[in-house]
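Every chain is numbered from 1, with letters handed out A, B, ... down the list of sequences. Computed over heavy atoms, backbone and side chain alike; hydrogens, waters and symmetry mates excluded.
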2 protein chains.
Amino acid sequence: MNSNKKKRLEQAGWVTGSAADFLGLDDEESRFIEMKLALAAGVRELRVKRGLTQTALATRLKSSQSRVAKMEAGDRSVSLDLLVRSLLSVGASSAEIAKWIKRADAARAA
Amino acid sequence: MNSNKKKRLEQAGWVTGSAADFLGLDDEESRFIEMKLALAAGVRELRVKRGLTQTALATRLKSSQSRVAKMEAGDRSVSLDLLVRSLLSVGASSAEIAKWIKRADAARAA
DNA sequence: GAAATCTATGTCGATTATGACATATTCGGA
DNA sequence: TCCGAATATGTCATAATCGACATAGATTTC
């Protein structure tokens with residue numbers, strides 16, 4: 001396939017590469033999940049470090065203890081939004097959040 | 001207020017500090033929003049760099065052009081989840097995502 | 001080892017984000 | 001300027017996530 005055609009197809013939204021590109025979708029999904037798990041671990045780590053219970057954090061977030069528990073457990077039903085809000089709520093800096101995100105890749109390499 | 005009582009109240013979820021602590025919620029919200037805007041800018045930057053149209057990216061995401069447009073416009077209705085999935089989809093590394101998140105703080109400082 | 005506190009898990013109605021679609025607007029090349 | 005492609009904006013039904021609640025299990029404290 002020539003480069004122009006490839007580019008045109010890609011602009012139309014088609015994946016034109018190898019099987020690895022198809023698997024790429026799964027790979028992206030897996031990276032996304034690892035990222036969420038890393039942030040979930042971060043929430044627990046910082047919450048405990050701050051001496052807060054799940055209930056206390058939940059109140060700060062105007063959420064509930066069960067949601068915090070699910071969050072820390074990496075439950076599928078928990079959004080990235082809530083994870084990041086939680087990290088900000090327990091005092092994480094952007095740099096710390098960034099660090100956990102990078103850590104997600106390390107987990108994948110293992 | 002003595003330290004023990006303060007700690008007990010905090011574990012129950014009460015904010016015991018100054019007005020700044022109350023404002024802290026707004027501050028966290030503002031940091032969160034800045035973060036989303038920074039990632040939105042990242043999506044556009046990488047998408048254009050890859051020579052993809054909004055429609056092409058939408059197809060990769062199994063989403064729609066209008067949602068990509070809203071995403072890049074920083075629309076309130078767009079989740080962090082979709083932003084991050086988009087960044088992964090246009091080939092952003094975790095390190096790059098982390099960089100944009102840190103950049104959000106710089107925007108706030110300005 | 002009982003009581004009290006904390007955490008995990010399941011469920012549910014309400015809320016919010018979603019893709020899809022229609023359509024308006026902007027932009028770039030002939 | 002005109003035309004087609006790209007992008008922006010509004011709406012909607014559906015799907016995903018939400019807080020709340022009940023309750024089980026784990027952990028700590030006395």
Look for any protein N or O under 3.5 Å of an N or O in nucleotides 8-10 of chain C and output each such pair with its distance, or none.
from   : atom 1 : to    : atom 2 : distance (Å)
C:dA8  : OP1    : A:R44 : NH1    : 3.4
C:dA8  : OP1    : A:R44 : NH2    : 3.1
C:dA8  : OP2    : A:R44 : NH2    : 2.9
C:dA8  : OP2    : A:Q54 : NE2    : 2.6
C:dA8  : N7     : A:Q65 : NE2    : 3.0
C:dA8  : N6     : A:Q65 : OE1    : 3.0
C:dG10 : N7     : A:K70 : NZ     : 3.4
C:dG10 : O6     : A:K70 : NZ     : 2.9

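- Separating the NZ atom of B:K62 from the C1' atom of C:dC21 is a distance of 20 Å, rounded to the nearest angstrom.
- If you measure from atom CG of A:L82 to atom C1' of D:dA16, you get 14 Å, rounded to the nearest angstrom.
- For D:dT17, neither phosphate oxygen OP1 nor OP2 lies less than 4.0 angstrom from any side-chain nitrogen or oxygen of A:S77.
- Rounded to an integer number of Å, the gap from CG of A:D81 to P of D:dA16 is 16 Å.
- At a threshold of 4.0 angstrom between heavy atoms, the contacts of A:S63 are confined to the sugar-phosphate backbone, with no base atom among them.
- Distance CG (A:D75) to C1' (C:dT11): 13 Å, rounded to an integer number of Å.
- Using a 4.5 Å cut-off on side-chain heavy atoms (C-beta onward), B:S86 and B:L82 make contact.
- Looking at A:K36 and A:F32, their side chains come closer than 4.5 Å, going by heavy atoms from C-beta outward.
- Distance A:F32 CZ to D:dA16 P: 14 Å, rounded to the nearest Å.
- Atom-to-atom, NZ of A:K36 to P of D:dA16 comes out at 12 Å; the value is rounded to the nearest Å.
- At a threshold of 4.5 Å between non-hydrogen side-chain atoms, the residues A:E72 and A:R47 count as touching.
- Look at CG on B:L80: it is 10 Å from P on C:dT18, rounded to the nearest Å.
- Between A:L52 and A:L46, every side-chain heavy-atom pair lies at or beyond the 4.5 Å cut-off.
- When the nucleotides D:dC18, C:dA20, C:dT18 are ranked by their closest atom to the side chain of B:S64, C:dA20 comes out on top.
- Within the 4.5 Å cutoff, side-chain heavy atoms of A:V43 are placed close to those of A:L57.
- Straight-line distance from the CG atom of B:L61 to the P atom of C:dA17: 18 Å, rounded to whole Å.
- How far OG of B:S89 is from CZ of B:R60: 5.5 Å, rounded to the nearest 0.5 Å.
- Using a 4.5 Å heavy-atom threshold, the side chains of A:R44 and A:M71 count as separate.
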